[in-house]
Amino acid sequence: MFSSIDFALIHIPGYSALQHPELIIRLEGDSNYTNIYTLNQPRPLLVSQTLLYYQRQLPGFLRVSKSSLVNPAYVVRIVKKGKVLHLRLTDDTMVLVSRRRMTETLTVLNSLGESEVSAT
């Protein structure tokens, strides 16, 4: 697992409590909505804000595709199958990295710490 990143608290519209960004595992965009997956919630939080809104609030997170924003602290393994790249997260989710963002994603993850690459 990569080292954690320090963030300030963020406000999630529609929820009264401030959210600690270090508890956010990943965010998935779906049109003008975002699903926020956290450690302390069994189900994702559905928010009527775009993924770009959260990308601006969470500069340490990685935009790995048009619909995914990942906290690099929760990346356990980089899985490469041919030309396809996935990130395995601590919650056992596999997130697809888009073709155009592969180089940037690998560069950032390698600079944060030793990455475990699995090629199958």
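Along the sequence shown, the residues carry numbers beginning at 1.
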Would you check if [X] and [Y] make a side-chain contact, meaning some heavy-atom pair closer than 4.5 Å?
X   : Y    : result
L45 : N35  : no
L27 : L58  : yes
V79 : M94  : yes
R88 : T93  : no
V70 : V75  : yes
I78 : L109 : yes
Y37 : E28  : yes

Could you grab the distance from atom [atom1] of [X] to atom [atom2] of [Y], nearest 0.5 Å is fine?
X   : Y    : atom1 : atom2 : answer
T34 : L46  : OG1   : CG    : 8.5 Å
Q41 : R43  : CD    : CZ    : 10.0 Å
K66 : R100 : NZ    : CZ    : 10.5 Å
D30 : L51  : CG    : CG    : 10.5 Å
L62 : T107 : CG    : OG1   : 10.5 Å
K83 : M102 : NZ    : CE    : 9.5 Å

If hydrophobic clusters are built by linking Ile, Leu, Val, Met, Phe, Trp and Tyr wherever their side-chain heavy atoms come under 4.5 Å apart, do L39 and L89 end up in the same one?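 As far as the 4.5 Å side-chain criterion goes, L89 and L39 are connected within one cluster.
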
Does any N or O in the side chain of [X] come within less than 3.5 Å of the main-chain N or O of [Y], such that one atom is a donor and the other an acceptor?
X    : Y    : result
S111 : V108 : yes
S68  : V64  : no
R63  : S65  : yes
T105 : R101 : yes

Would you check, one step at a time, whether the test side-chain contact (heavy atoms from CB on, under 4.5 Å) holds for L85 with R99? CA-CA 8 Å; L85 187 69; R99 183 173 35 106; over 6 Å; no

Please lay out, stage by stage, how V97 and L87 fare under the test side-chain contact (heavy atoms from CB on, under 4.5 Å). CA-CA 7 Å; V97 178; L87 302 178; 3.7 Å; yes

Which heavy atom of N71 sits nearest to which heavy atom of E22, and what is that distance?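 So the two residues come closest at ND2-O, 4.1 Å.
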
Closest approach of Y74 to I24 (non-hydrogen atoms, all atoms of both residues):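 That closest heavy-atom pairing would be CE1-O, 3.5 Å.
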
Crowding at CG, N32 (>12 non-hydrogen neighbours, <6.0 Å):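 12 or below, so no.
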
Looking at R56, Q49, Q57, which hits side chain to side chain donor-acceptor pair (under 3.5 Å) with Y53?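 Testing Y53 for a side chain to side chain donor-acceptor pair (under 3.5 Å) against R56, Q49, Q57 leaves exactly one candidate, Q57.
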
